[in-house]
Amino acid sequence: MAQRRTGSSSLTKLLGNWHQELTRTPVYRQLADGLRLLILDGRLPLDSRLPGERELAKALGVSRTTVATALAQLRDEGYLASRQGSGSVTMLPEGLQAVSPLPGRGATLDLSTAALAAGPEIHQAYANALIALPEYLGSTGYNQQGLPELRQVIAQRYAARGLPTHADQIIIVNGALSGFGLILRLLTGPGDRVVMDHPTYPMALTAIKGASCRAVPVSLTEQGWDTEGLAATIAQTSPRLAYLIADFHNPTGRCMDVDTRIAIAEMAARTRTTVVVDETMVDLWFDNPPPPPLAAFDNDDRIITLGSGGKSFWGGMRIGWIRASARTIASLIQIRDTLDLGSPVLEQLAAIHLFNEADNFLPGRRDMLRQHRDACGEAIKEIFPDWKITVVPEGGLSWWIELPKPLATVFAASAESIGIRIGAGPRFGAEGAFERYLRLPFTLEPTQMRAALERLKPIWDNLAQTRDEYLRRTVV
Ligand SMILES: Cc1ncc(COP(=O)(O)O)c(C=O)c1O
């Protein structure tokens with residue numbers, strides 16, 4: 001793997017408010033906690049080379065001994081390796097996964113991932129797919145556009161949502177994220193700008209950076225998408241692409257209204273900007289189904305739509321798709337040669353079954369999630385009365401919470417120490433933004449979720465109190 005160097009100013013930005021005065025936790029431990037969190041949630045990529053101790057100490061305003069002790073602790077825990085001539089390089093301890101016991105700290109409860117386990121319909125779908133499979137075994141199974149039968153079912157679903165679509169306008173990919181990677185590969189080059197919602201889905205940010213593009217954030221306001229801000233940013237930065245999550249936005253759970261969809265489609269045509277609309281969560285609505293897809297308001301083939309079975313069905317299937325003009329799809333098929341040779345046939349057959357059965361299980365999934373959303377919202381209000389909820393998610397899987405103090409990073413780092421992993425706001429923003437925010441998924445059973453929040457309560461209270469005390473002392 002090519003090793004990248006993370007500069008001290010980037011690392012300082014990524015670390016955000018890692019340092020709390022007046023706590024009994026030594027500074028080196030706080031630094032180690034902040035760095036560990038960055039490695040665990042992927043903001044500091046694996047195999048990244050850290051700046052030297054002296055440089056880091058200067059950038060962070062701490063002693064070199066503090067940095068050396070923090071790095072030594074991370075080395076002992078398996079989060080850093082020392083390579084001769086390369087300094088410290090990030091890694092994960094052997095056997096550590098997203099949900100696994102942390103060394104000596106009990107089981108980890110993962111509240112940093114917003115996804116559901118498979119329902120019984122998934123097993124049934126695979127059983128059906130196995131029955132259908134023999135018909136396909138006489139062919140090579142290679143099909144870079146995807147099975148025509150699956151593309152046909154997906155095209156019909158778009159048509160039913162108000163967007164007439166032909167099966168030629170669909171390519172099946174291995175998940176929406178992989179689809180976004182393919183689009184970036186086709187349409188962007190190093191240094192190109194990609195406009196995105198801010199906050200956004202963290203892996204989309206990773207994909208943009210991975211394609212050596214520059215992410216240009218446009219803030220989502222309390223009212224939702226800021227079309228004027230988007231227009232001004234497009235005019236000022238001439239981006240190659242815009243990536244927007246219209247329904248339902250991750251992490252806020254917002255749904256883009258019809259007027260905004262019309263305005264964005266017009267803007268895309270006027271400025272000749274390709275807009276990628278991620279609809280991964282589109283089936284997870286609670287009160288009202290979302291408006292027609294943004295692409296339904298587009299007369300200029302500027303809108304590319306990303307779809308996924310990951311949230312409607314199961315993430316483990318790795319089935320997603322791209323809807324675009326037949327010409328763009330043909331180019332995507334061509335460039336796919338540089339990546340893979342198609343998607344697994346069995347999974348595609350299972351997806352056909354699931355689409356045909358969706359009306360039998362999606363309503364139940366929506367009811368369950370609506371109840372989880374409400375119960376989790378009530379528990380948050382009760383247990384953390386000073387946390388602010390500005391948007392009630394209209395769909396999706398998570399609450400986006402505003403904290404009264406910019407403590408997300410230290411809070412997440414401290415939560416790790418009791419075996420709970422949470423999504424600190426800066427994961428969802430560029431350059432360390434959203435230090436006052438947390439994303440809390442409501443995928444757990446309400447009783448489990450309440451128990452997790454109650455375990456987090458003393459940690460939050462302690463941090464908030466320590467900070468208040470510090471501010472009081474420094475102001476006096
Ligand atoms: C907005 C958004 N896009 C894409 C993905 C990834 O989808 P897939 O599993 O289909 O790659 C997710 C998963 O959480 C998501 O929230």
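- Applying the side-chain hydrogen bond (donor to acceptor under 3.5 Å, both in side chains) criterion to T200, with sequence neighbours excluded, gives no partner residue.
- Under the rule for a salt bridge (Lys or Arg N to Asp or Glu O under 4.0 Å), K209 has no partner lying at least two apart in sequence or in another chain.
- A donor-acceptor contact shorter than 3.5 Å is absent between the side chain of E435 and the backbone of P426.
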inquiry  = What verdict does the ring-ring contact (aromatic ring centres under 6.0 Å, His included) test give for F248 and W285, after you've listed the backbone C-alpha separation in whole Å, the side-chain angles of each residue and the deciding distance to 0.1 Å?
reply    = CA-CA 8 Å; F248 290 90; W285 49 269; 8.3 Å; no
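- No more than 12 heavy-atom neighbours from other residues, nucleotides or ligands sit within 6.0 angstrom of CE on M203.
- A search for ring-ring contact (aromatic ring centres under 6.0 Å, His included) contacts involving F434 returns H198, W400, Y437, not counting sequence neighbours.
- By the neighbour-count criterion of 12 heavy atoms within 6.0 Å, atom NZ of K58 is sparsely surrounded, having that number or fewer from other residues, nucleotides or ligands.
- Not one N or O on the side chain of T273 forms a donor-acceptor pair closer than 3.5 Å with the backbone of A269.
- Counting only residues at least two apart or on different chains, no ring-ring contact (aromatic ring centres under 6.0 Å, His included) pair has a member in residues 160-179.
- Here the side chain of Q348 pairs a donor or acceptor atom with the backbone of L147 at under 3.5 angstrom.
- The existence of a salt bridge linking E55 and R5 is confirmed by a sub-4.0 Å separation between a basic side-chain nitrogen and an acidic carboxylate oxygen.
- Contact annotation: the side chain of L15 never approaches that of T409 to less than 4.5 Å [non-hydrogen atoms, C-beta and beyond].
- Between N174 and S178 the shortest heavy-atom distance is O-CB, 3.3 Å.
- Here R427 pairs with nothing under the side-chain hydrogen bond (donor to acceptor under 3.5 Å, both in side chains) rule; sequence neighbours left out.
- Every pair passing ring-ring contact (aromatic ring centres under 6.0 Å, His included) that includes a residue from residues 207-243 is listed here, sequence neighbours excluded: F180-Y243, W225-H249.
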request  = Could you check Q144 against D337 for side-chain hydrogen bond (donor to acceptor under 3.5 Å, both in side chains), going step by step and ending with a plain yes or no?
outcome  = CA-CA 8 Å; Q144 281 180 303; D337 280 348; 3.0 Å; yes
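- Side chain of R336 to main chain of L341: no donor-acceptor pair is present (N/O by atom type, distance under 3.5 Å, no hydrogens or angles).
- Using a 4.5 Å heavy-atom threshold, the side chains of L71 and L80 count as touching.
- Around CD of E402, the count of heavy atoms belonging to other residues, nucleotides or ligands within 6.0 Å exceeds 12.
- Annotation for N299: atom CG does not count as buried by contact number, only 12 or fewer foreign heavy atoms lying within 6.0 Å.
- Residues meeting the salt bridge (Lys or Arg N to Asp or Glu O under 4.0 Å) test with R436, sequence neighbours left out: none.
- One finds no salt bridge joining R261 and D257 here, because no Lys/Arg side-chain nitrogen approaches an Asp/Glu carboxylate oxygen to under 4.0 Å.
- A search for salt bridge (Lys or Arg N to Asp or Glu O under 4.0 Å) contacts involving R240 returns nothing, not counting sequence neighbours.
- Evaluation of the side-chain hydrogen bond (donor to acceptor under 3.5 Å, both in side chains) rule for E228 yields no partner, not counting sequence neighbours.
- Each side chain to side chain donor-acceptor pair (under 3.5 Å) pair with one or both residues in residues 374-388, not counting sequence neighbours, appears once here: E382-R450.
- A side-chain donor-acceptor contact under 3.5 Å links R185 to the backbone of T338.
- Taking the side chain as every heavy atom from C-beta outward, L244 and D278 never approach each other to under 4.5 Å.
- Residues forming a salt bridge (Lys or Arg N to Asp or Glu O under 4.0 Å) with D197 (at least two apart in sequence, or on another chain): none.
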Would you mind writing out the side-chain donor-acceptor pairs for residues 302-317 within the sub-3.5 Å range, not counting sequence neighbours?
from, atom 1, to, atom 2, distance (Å)
R302, NE, D300, OD2, 2.9
S308, OG, G310, N, 2.7
S312, OG, D283, OD2, 2.7

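- Of the possible donor and acceptor atoms, one in the side chain of H372 sits under 3.5 Å from a partner among the backbone N and O of L444.
- Y158 and I170 make their closest contact through CE1-CD1, 3.8 Å (heavy atoms, listed as atom of the first residue, atom of the second, distance).
- Of the possible polar contacts, none joining the R421 side chain to the D110 backbone as a donor-acceptor pair under 3.5 Å is found.
- A salt bridge does not link D287 with R366: none of the charged nitrogens is closer than 4.0 Å to a carboxylate oxygen.
- For Q30 (side chain) and T25 (main-chain N/O), a donor-acceptor pair under 3.5 Å exists by modelled atom type.
- When side chains are defined from C-beta on, E394 counts as touching C255, because their heavy atoms get closer than 4.5 Å.
- Remark: R36 does not engage E416 in a salt bridge, criterion side-chain N to carboxylate O under 4.0 Å.
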